[in-house]
A.B. asks: 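Below are the structure tokens for one structure; questions will follow.
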Amino acid sequence: MVKNYIFLGPPGVGKGTLASLIQEEKNIKHISTGEIFRNEMKKKTKLGLEVKAIIESGDYVPDNITNEIVKNVLNSDEVKKRGFILDGYPRTVNQAEFLKENKINLDGVILLDASDKVIMERLLGRGLGRADDDPKIISTRLDVYNKKTKPLINFYKAENLLVTINAEGTIEENYNRLIEAIN
Ligand code: AMP
């Protein structure tokens with residue numbers, strides 16, 4: 001049976017790192033919308049050029065653009081065969097409703113939880129590998145998360161899909177909690 005998961009949580013909580021570890025361990029396909037956008041930006045495609053200024057400001061790409069991309073990825077044979085971990089999608093209630101309208105089966109929504117203080121320290125410590133990791137942009141990204149993405153916690157609680165994991169530990173500790181939760 002293929003498994004489909006969503007990893008939810010603030011920027012810098014470790015969604016990407018943990019999703020790629022789970023991909024290695026369980027062969028479930030890791031899908032990061034942020035990574036897809038960064039690749040498009042690097043290749044300077046039409047989409048990449050369209051989203052660059054928005055992403056570098058710390059705001060979200062419009063739902064219609066993001067939904068279309070995710071729909072195409074989820075419809076691929078590879079994802080249907082391997083299952084998926086969506087890392088960084090959905091990020092708005094509109095996106096969550098889009099998954100529901102398209103009857104995408106979900107086995108769990110894992111909330112990786114950490115305080116704002118821990119998040120700030122991690123993001124600042126990550127250094128300037130990404131244009132949106134600039135300290136000024138980080139605080140915008142946290143604000144946007146609190147305003148637009150936090151409502152998904154109650155959305156998925158109501159669907160009985162939410163599992164919360166304390167993600168304030170080391171990568172290894174968090175990974176072990178995660179494995180326990182999905183096994
Ligand atoms: P991430 O790598 O997940 O932190 O994403 C980096 C940036 O890409 C975000 O700050 C957004 O600007 C954009 N992005 C990624 N995923 C989404 C999404 N589901 N909806 C809107 N914007 C997104």
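Side-chain atoms are counted along with the backbone in the values below, which use heavy atoms only and exclude waters and symmetry mates. Ligands are counted one by one from 1 in listed order, and the atoms in each one are counted from 1 as well.
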A.B. asks: Report the part of Phe37 (side chain from C-beta onward, or backbone N, CA, C, O) that has a heavy atom under 4.0 Å from ligand 1; answer both or neither where that applies.
C.D. replies: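 The part of Phe37 near ligand 1 is the side chain, not the backbone.
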A.B. asks: Given side-chain hydrogen bond (donor to acceptor under 3.5 Å, both in side chains), test Thr149 with Tyr60 step by step and report yes or no.
C.D. replies: CA-CA 10 Å; Thr149 305; Tyr60 288 168; 2.6 Å; yes
A.B. asks: Does ligand 1 have a heavy atom under 4.0 Å from the side chain of Arg130, from its backbone, from both, or from neither?
C.D. replies: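 The side chain, only.
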A.B. asks: Ignoring angles and geometry beyond distance, decide whether Tyr89 reaches within less than 3.5 Å of ligand 1 through its nitrogen or oxygen atoms.
C.D. replies: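 Between Tyr89 and ligand 1, no N or O pair is found under 3.5 Å apart.
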A.B. asks: For atom 19 (N) of ligand 1, what is the closest protein heavy atom, and at what distance to 0.1 Å?
C.D. replies: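 Nearest neighbour among protein heavy atoms for atom 19 (N) of ligand 1, to 0.1 Å: Gly88 O, 2.9 Å.
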A.B. asks: For ligand 1, is there an atom lying under 4.0 Å from some heavy atom of Ile54?
C.D. replies: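 No, that is not the case, since the closest heavy atom of the residue is not under 4.0 Å from the ligand.
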A.B. asks: Hey, is ligand 1 close enough to Glu35 that some N/O pair sits below 3.5 Å?
C.D. replies: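 Such a contact does not occur with ligand 1.
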A.B. asks: Under the criterion side-chain hydrogen bond (donor to acceptor under 3.5 Å, both in side chains), which of Lys80, Arg82, Lys81 is the partner of Glu78?
C.D. replies: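 Exactly one candidate clears the test, Arg82.
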A.B. asks: Considering only heavy atoms, which of Lys15, Arg38, Arg91, Arg141 lies nearest to atom 3 (O) of ligand 1?
C.D. replies: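 That would be Arg91.
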A.B. asks: If you measure from CD1 on Ile36 to CG on Asn72, what distance do you get to the nearest 0.5 Å?
C.D. replies: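 Ile36 CD1 to Asn72 CG: 10.0 Å, rounded to 0.5 Å.
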A.B. asks: State whether the number of non-hydrogen atoms from other residues, nucleotides or ligands found under 6.0 Å of Lys148 atom NZ is greater than 12.
C.D. replies: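 Count over threshold, so yes.
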A.B. asks: Look at ligand 1 and say whether Asp59 reaches it with a heavy atom at a distance under 4.0 Å.
C.D. replies: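 Asp59 counts as a contact of ligand 1 under the 4.0 Å cut-off.
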A.B. asks: Do the non-hydrogen side-chain atoms of Ile138 and Met120 ever get within less than 4.5 Å of each other?
C.D. replies: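 With C-beta onward as the side chain, the pair touches.
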A.B. asks: Could you check Glu35 against Arg38 for salt bridge (Lys or Arg N to Asp or Glu O under 4.0 Å), going step by step and ending with a plain yes or no?
C.D. replies: CA-CA 5 Å; Glu35 208 48 58; Arg38 280 189 290 281; 3.2 Å; yes
A.B. asks: Would you say Tyr60 and ligand 1 have an N/O pair spaced under 3.5 Å apart?
C.D. replies: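 The answer is no, given that Tyr60 and ligand 1 share no N or O pair closer than 3.5 Å.
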A.B. asks: Counting heavy atoms only, name the option from Asp132, Leu86, Asp133, Ile55 that's nearest to atom 8 (O) of ligand 1.
C.D. replies: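 Looking at heavy atoms only, Ile55 sits closest to atom 8 (O) of ligand 1.
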A.B. asks: Return the closest protein heavy atom for atom 16 (N) of ligand 1 as residue, atom name and distance.
C.D. replies: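 The closest one turns out to be Thr33 OG1, 2.7 Å.
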A.B. asks: Is it the case that over 12 heavy atoms from other parts of the model lie below 6.0 angstrom from the CD1 atom of Ile171?
C.D. replies: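 Open.
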A.B. asks: Considering only the protein, which heavy-atom contact is closest to atom 20 (N) of ligand 1, and what is its distance?
C.D. replies: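 The answer is Gln95 NE2, 2.9 Å.
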A.B. asks: First locate atom NZ of Lys3, then atom CD1 of Ile28, and finally report the distance between them rounded to the nearest 0.5 Å.
C.D. replies: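 Spacing of NZ (Lys3) from CD1 (Ile28) equals 8.5 Å.
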A.B. asks: Looking only at protein heavy atoms, which one is nearest to atom 22 (N) of ligand 1, and what is the separation?
C.D. replies: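 The answer is Val61 N, 3.1 Å.
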A.B. asks: What about Asp87: any of its N or O atoms under 3.5 Å from an N or O on ligand 1?
C.D. replies: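 No, there is no polar N/O contact under 3.5 Å.
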A.B. asks: Could you tell me if the side chain of Ile55 sits less than 4.5 Å from the side chain of Val61, heavy atoms only?
C.D. replies: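 Val61 reaches Ile55 side chain to side chain.
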A.B. asks: With a cut-off of 4.0 Å, which atoms of ligand 1 are near a heavy atom of Thr66?
C.D. replies: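 Result: 18 (C), 19 (N), 20 (N), 21 (C).
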A.B. asks: When you compare the side chain of Ile6 with that of Ile110, does any pair of heavy atoms fall below 4.5 Å?
C.D. replies: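 Of all side-chain heavy-atom pairs linking Ile6 with Ile110, none is under 4.5 Å.
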